[in-house]
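Below you'll find the structure, written out as structure tokens, and then a few comments.
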Amino acid sequence: MEFSPPLHSAVLIKRYKRFLADIRQQDGTEMTLHCPNTGAMTGCAEPGWRVWYSDSGNLKRKYPCTWELVENDQGHRICVNTGRANSLAEEAVRSGVLPSLTGYEAIRREVRYGAENSRIDLLLTGNDLISCYIEVKNVTLLGDNGQGYFPDAVTARGQKHLRELMEVVQQGQRAVLLFMAAHTGIERVAPASHIDPEYARLCREAAEAGVELLALGCEMDETGIRAVKPLQVDLQ
């Protein structure tokens, strides 16, 4: 995924009200960005850290600029715009970064499915293969020694998605939970049992039921984000 034009750089003053972040630009002026992330953003929003933002150029928007990336004090870069995860996942499938997901003819996004009225992030179909339902999760929470965790807050919605994926498997289709590690310091991913034990339990149940748990590591800079390699998923 390319940023066109490349992102602008600034320094974070603070994130607040979940959807807003104040920054200081290189000329010293301050500006408010839209923050497209509803999570806790633990370890992703410390004052003084360097941030990068995109400019929509749409003056009709109250906040025309969007916070995209941040660099922590360890030099790791993090994509805080959770809306990028699905596009990254689709690019990864199309480019063959995950060999187990190749061979399908078509990729559709946001398709309704399931008894709990969900929308699947990616649906792979065609070429006489059984349909593959992919739920994508953006991972930004880093623990010790490269361990990434999802979620960073209790997620009833995420729990619902796991139940829906298990139902997909029971109906004879493929179901995949794909963790996009949008943090260059993350080397492997695990359900955050210390934050949402029910989600972690459902992950283990889903894996036993046949849901495939996959993860991808990313590289990023002001010009773009790239999914580069599969990562290990640890079930605690």
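Quantities reported herein were computed from a predicted structural model and do not represent experimental measurements.
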> Any idea which heavy atoms bring V189 and V139 closest together, and the distance?
Replying inline: CG1-CG2, 4.3 Å
> Can you list the steps and then say if L231 with L216 is a side chain to side chain contact (heavy atoms under 4.5 Å, CB included)?
Replying inline: CA-CA 5 Å; L231 301 180; L216 279 173; 5.9 Å; no
>> With a 4.5 Å cut-off on side-chain heavy-atom distances among I, L, V, M, F, W and Y, is there a chain of contacts connecting V176 to V93?
In response: yes
>> Listing request: all ring-ring contact (aromatic ring centres under 6.0 Å, His included) pairs with a residue in residues 47-69, at least two apart in sequence or in separate chains.
In response: H8-Y53
>> With heavy-atom distances below 4.5 Å as the criterion, would you say the side chains of V97 and V228 are in contact?
In response: no
>> Less than 4.5 Å apart, side chain to side chain, heavy atoms only: is that true for R50 and S9?
In response: yes
> Which pair of heavy atoms, one from A10 and one from I23, lies closest together, and at what distance?
Replying inline: CB-CD1, 3.6 Å
> Donor-acceptor pair, N127 side chain versus G103 backbone, under 3.5 Å?
Replying inline: yes
> In terms of ring plane angle, is the pair F150 and F179 parallel, tilted or perpendicular, where the classes change at 30° and 60°?
Replying inline: tilted
>> Quick test of your reading of the model: are R84 and E68 salt-bridged, counting only N-O distances below 4.0 Å?
In response: yes
> Are any non-hydrogen side-chain atoms of I13 and P47 less than 4.5 angstrom apart?
Replying inline: no
>> If I compare all heavy atoms of T102 with all of L129, which pair ends up nearest, and what's the gap?
In response: O-CD1, 4.4 Å
> Is there a donor in the side chain of Q159 and an acceptor in the side chain of D196, or the other way round, less than 3.5 Å apart?
Replying inline: yes
>> So if I apply the side chain to side chain contact (heavy atoms under 4.5 Å, CB included) rule between T66 and each of N81, V80, L33, D55, which one comes out positive?
In response: N81
> Can L88 be reached from I134 by stepping across I, L, V, M, F, W or Y side chains whose heavy atoms are under 4.5 Å apart?
Replying inline: yes
>> Counting C-beta onward and ignoring hydrogens, is there a side-chain heavy-atom pair between N72 and Q74 closer than 4.5 Å?
In response: yes
> What are the two closest non-hydrogen atoms of H161 and S118, and how far apart are they?
Replying inline: CD2-OG, 3.9 Å
> Sub-3.5 Å donor-acceptor pair from the side chain of S54 to the main-chain atoms of L7, do we have one?
Replying inline: no
>> Any salt bridge linking E205 with R201? Criterion: basic side-chain nitrogen under 4.0 Å from a carboxylate oxygen.
In response: yes
> Do other residues, nucleotides or ligands put more than 12 heavy atoms under 6.0 Å from the CG atom of N145?
Replying inline: no
>> Could you see if L202 belongs to whatever hydrophobic cluster contains V169? Use Ile, Leu, Val, Met, Phe, Trp, Tyr and a side-chain cutoff under 4.5 Å.
In response: yes
>> Please determine whether salt bridge (Lys or Arg N to Asp or Glu O under 4.0 Å) holds for the pair D221 and R226, giving the CA-CA distance in whole Å, both sets of side-chain angles, and the decisive distance to 0.1 Å.
In response: CA-CA 9 Å; D221 57 29; R226 295 156 292 278; 3.6 Å; yes
>> Any non-hydrogen side-chain atom of E105 less than 4.5 Å from a side-chain atom of T125?
In response: no
>> Could you check whether any side-chain N or O of R174 sits under 3.5 Å from a backbone N or O of C132, counting only pairs where one atom can act as donor and the other as acceptor?
In response: no
> Under 4.5 Å between any side-chain heavy atoms of L98 and P230, yes or no?
Replying inline: yes
>> Restricting to non-hydrogen atoms, name the atom on R15 and the atom on C35 that form the minimum distance, rounded to 0.1 Å.
In response: NE-SG, 3.8 Å
>> Can you confirm whether R61 is buried at CZ, in the sense that more than 12 heavy atoms of other residues, nucleotides or ligands lie under 6.0 Å from that atom?
In response: yes
> So, does D121 use its side chain to make a donor-acceptor pair with the main chain of N86 at under 3.5 Å?
Replying inline: no
> Within the side chain of S95, is there an N or O that forms a donor-acceptor pair under 3.5 Å with the backbone of E91?
Replying inline: yes
> Backbone N or O of A227 within a donor-acceptor pair of the E219 side chain at under 3.5 Å?
Replying inline: no
>> Given 3.5 Å as the limit, does a donor-acceptor pair link the side chain of T82 with the main chain of P36, or not?
In response: yes
>> Could you walk me through whether I78 and L142 satisfy the side chain to side chain contact (heavy atoms under 4.5 Å, CB included) test, starting with their C-alpha distance in whole Å, then the side-chain angles of each, then the deciding distance to 0.1 Å, before giving a yes or no?
In response: CA-CA 10 Å; I78 308 157; L142 177 65; over 6 Å; no
> Taking it one step at a time, do E116 and K160 satisfy salt bridge (Lys or Arg N to Asp or Glu O under 4.0 Å)?
Replying inline: CA-CA 7 Å; E116 297 185 57; K160 179 185 77 166; 6.0 Å; no
>> R77 vs E71, test: salt bridge (Lys or Arg N to Asp or Glu O under 4.0 Å). Steps then yes/no.
In response: CA-CA 4 Å; R77 294 191 178 186; E71 183 174 284; 3.1 Å; yes
> Is the backbone N or O of P64 less than 3.5 Å from a side-chain atom of N58, with the two atoms forming a donor-acceptor pair by type?
Replying inline: no
> Could you go step by step and tell me if Q25 and E30 meet the side chain to side chain contact (heavy atoms under 4.5 Å, CB included) rule?
Replying inline: CA-CA 6 Å; Q25 300 176 86; E30 296 182 4; over 6 Å; no
>> Between D152 and T42, is the side-chain hydrogen bond (donor to acceptor under 3.5 Å, both in side chains) condition met? List the steps.
In response: CA-CA 7 Å; D152 65 359; T42 304; 5.1 Å; no
> Within 45 degrees of the axis of the six-membered ring of Y16 and under 6.0 Å from its centre: does K14 put its NZ or CZ there?
Replying inline: yes
>> Is any side-chain heavy atom of T155 closer than 4.5 Å to one of Y199?
In response: yes
> Considering residues, nucleotides and ligands other than D128, do more than 12 of their heavy atoms fall under 6.0 Å from its CG?
Replying inline: no
> Do the side chain of E90 and the main chain of L122 share a donor and acceptor less than 3.5 angstrom apart?
Replying inline: no
> More than 12 heavy atoms of other residues, nucleotides or ligands under 6.0 Å from CG of L59: is that the case?
Replying inline: no
>> A quick test of your reading: do over 12 heavy atoms of other residues, nucleotides or ligands sit less than 6.0 Å from CD of Q26?
In response: no
> Should K137 and L177 be marked as a side chain to side chain contact (heavy atoms under 4.5 Å, CB included) after you check the CA-CA gap, both sets of side-chain angles, and the distance that decides it?
Replying inline: CA-CA 8 Å; K137 299 301 182 187; L177 179 61; 3.8 Å; yes
>> Is there a continuous path of hydrophobic side-chain contacts, each under 4.5 Å between heavy atoms, that joins M180 to V233?
In response: no
> Which word best sums up how the rings of Y113 and Y133 line up, parallel for under 30°, tilted for 30 to 60°, or perpendicular for over 60°?
Replying inline: tilted
> Can you name the nearest heavy-atom pair linking C203 to L213, along with the distance?
Replying inline: O-CD2, 4.2 Å
> Any side-chain heavy-atom pair from L69 and M220 closer than 4.5 angstrom?
Replying inline: yes
